[in-house]
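Remarks on the structure that follows.
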Amino acid sequence: MKQIANGLVVWNEEEIIKREALVQRLVVAVKNTLYDINPAIQVFRIEAPCLIPQDWAIGHLPVYKIDTRYALRGESTKGTYWVQDQFQYKLPICLYQVNKSFRDEKSEAIRISHHRYREFWQIEFQLFYSPDTKADYHKLFVEKFKDKGFGVPVELAIKDLPPYSLKTTDLEINNVEVASLSNRTDYKVPVFEMSFGLDRLISLI
């Protein structure tokens, strides 16, 4: 990836092919891990808009506000929540998106050498499950996924948790976070989120 402006990069064809292959590897790895934990889990891909209502963007992320109505999403989660609200898929269900996210980071934080960008590619899986489920999806997923080559698990201290999370485990490569696995509390049923930064993974694996 080549930086053309502060926090903006260009992908060449070889990198795009590598990214698309990585997406397929991740989908297979995550699906197989979830099916190994619970064969009843359905997993499929959706797409929601990158341009979102501004009230969806309220929260911990530094989003780009376009006007009084819309913003560019900082993550795909809210769109995935909306899809589940509309279609009410039977639990447990895992929906995932592959697309760009956008962050209005402070300029001093945007350095390609630190793998921080203003727009970047993510693949985010949201596993919706019943509150009375006995399976500890977070623990089981980390145990079964840690040897698949996508980073070393590092559990975050309580003081470092995102505001929506009860528990978060990062996956790190060379001390750089490439994925975040979180028990989210900002939906009406429990959600286990598996969020991977494709730009960082391409740079590091």
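Because only heavy atoms are used, hydrogens play no part in the values below, and waters and symmetry mates are left out as well, while side chains stay in.
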Check for me, please, whether [X] and [Y] land in the same ILVMFWY cluster - side-chain distances under 4.5 Å, paths through other members count.
{"X": "L22", "Y": "V28", "answer": "no"}
{"X": "I46", "Y": "V27", "answer": "no"}
{"X": "Y117", "Y": "F102", "answer": "no"}
{"X": "F87", "Y": "F44", "answer": "yes"}
{"X": "L95", "Y": "Y164", "answer": "no"}

- Please test V98 against L198 for side-chain contact (heavy atoms from CB on, under 4.5 Å), starting from the C-alpha separation and ending with a verdict. CA-CA 9 Å; V98 182; L198 295 174; 4.1 Å; yes
- Item | Worked check of side-chain contact (heavy atoms from CB on, under 4.5 Å) between K148 and T33 | CA-CA 10 Å; K148 294 188 182 291; T33 303; 3.0 Å; yes
- Dump the intermediate steps for side-chain contact (heavy atoms from CB on, under 4.5 Å) on L34 and C94, then the final yes or no. CA-CA 9 Å; L34 292 177; C94 182; 3.8 Å; yes
Heavy-atom neighbours of [X] [atom1] exceed 12 at 6.0 Å:
{"X": "Y70", "atom1": "OH", "answer": "no"}
{"X": "Q86", "atom1": "CD", "answer": "yes"}
{"X": "N175", "atom1": "CG", "answer": "no"}
{"X": "E47", "atom1": "CD", "answer": "no"}
{"X": "K188", "atom1": "NZ", "answer": "yes"}
{"X": "Q88", "atom1": "CD", "answer": "yes"}

Side-chain contact test, heavy atoms from C-beta onward, threshold under 4.5 Å: evaluate it for [X] versus [Y] and give yes or no.
{"X": "Y96", "Y": "V30", "value": "no"}
{"X": "I52", "Y": "V63", "value": "no"}
{"X": "P190", "Y": "N183", "value": "no"}
{"X": "Y89", "Y": "Q42", "value": "no"}
{"X": "F145", "Y": "M194", "value": "no"}
{"X": "F192", "Y": "L181", "value": "yes"}
{"X": "F120", "Y": "R200", "value": "no"}
{"X": "F141", "Y": "L127", "value": "no"}

- Message: Using the side-chain hydrogen bond (donor to acceptor under 3.5 Å, both in side chains) definition, which of the options R118, R103, E119 pairs with Y64?
- Response: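 Looking at R118, R103, E119, the match for Y64 under the side-chain hydrogen bond (donor to acceptor under 3.5 Å, both in side chains) is R118.
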- Considering only NZ, NE, NH1 and NH2 on the basic side and carboxylate oxygens on the acidic side, decide whether E124 and R184 come within less than 4.0 Å.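 Salt bridge flag = no for R184 with E124.
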For [X] and [Y], does a side-chain donor sit closer than 3.5 Å to a side-chain acceptor?
{"X": "T77", "Y": "E193", "result": "yes"}
{"X": "Q97", "Y": "R73", "result": "yes"}
{"X": "T169", "Y": "E155", "result": "no"}

- Message: Under a 3.5 Å distance rule, please check whether E20 uses its side chain to pair with a backbone N or O of I17 as donor and acceptor.
- Response: no
- Can you check whether V176's main-chain N or O pairs, donor with acceptor, with N174's side chain at less than 3.5 Å? no
- Query: Considering all heavy atoms of both residues, which atom of F150 and which atom of V178 are nearest to each other, and what is their separation?
  - Reply: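 Closest heavy-atom pair between F150 and V178: O-CG2, 3.5 Å.
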- Task: Provide the closest heavy-atom pair for G151 versus I173 in the form atom of the first, atom of the second, distance.
- Result: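 G151 and I173 have their closest heavy atoms at CA-CG1, 3.7 Å.
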- Sole candidate of L166, D170, T168, V191 that passes side-chain contact (heavy atoms from CB on, under 4.5 Å) when paired with S182: T168
Interatomic distance, [X] atom [atom1] to [Y] atom [atom2] [nearest 0.5 angstrom]:
{"X": "Q122", "Y": "D199", "atom1": "CD", "atom2": "CG", "value": "9.0 Å"}
{"X": "I123", "Y": "R25", "atom1": "CD1", "atom2": "CZ", "value": "12.0 Å"}
{"X": "R19", "Y": "L26", "atom1": "CZ", "atom2": "CG", "value": "12.5 Å"}
{"X": "K78", "Y": "L61", "atom1": "NZ", "atom2": "CG", "value": "10.0 Å"}
{"X": "D186", "Y": "Y81", "atom1": "CG", "atom2": "OH", "value": "3.5 Å"}
{"X": "L204", "Y": "E177", "atom1": "CG", "atom2": "CD", "value": "11.5 Å"}

- Message: As a quick check of understanding, evaluate side-chain contact (heavy atoms from CB on, under 4.5 Å) for T133 and L91, giving each step before the final call.
- Response: CA-CA 10 Å; T133 297; L91 305 180; over 6 Å; no
- Item | Option passing ring pair (Phe, Tyr, Trp, His ring centres under 6.0 Å) with Y137 (candidates F128, Y129, F125) |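 Looking at F128, Y129, F125, the match for Y137 under the ring pair (Phe, Tyr, Trp, His ring centres under 6.0 Å) is Y129.
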- Verdict with reasoning, D104 to K65, per salt bridge (Lys or Arg N to Asp or Glu O under 4.0 Å): CA-CA 9 Å; D104 190 11; K65 296 179 180 179; over 6 Å; no
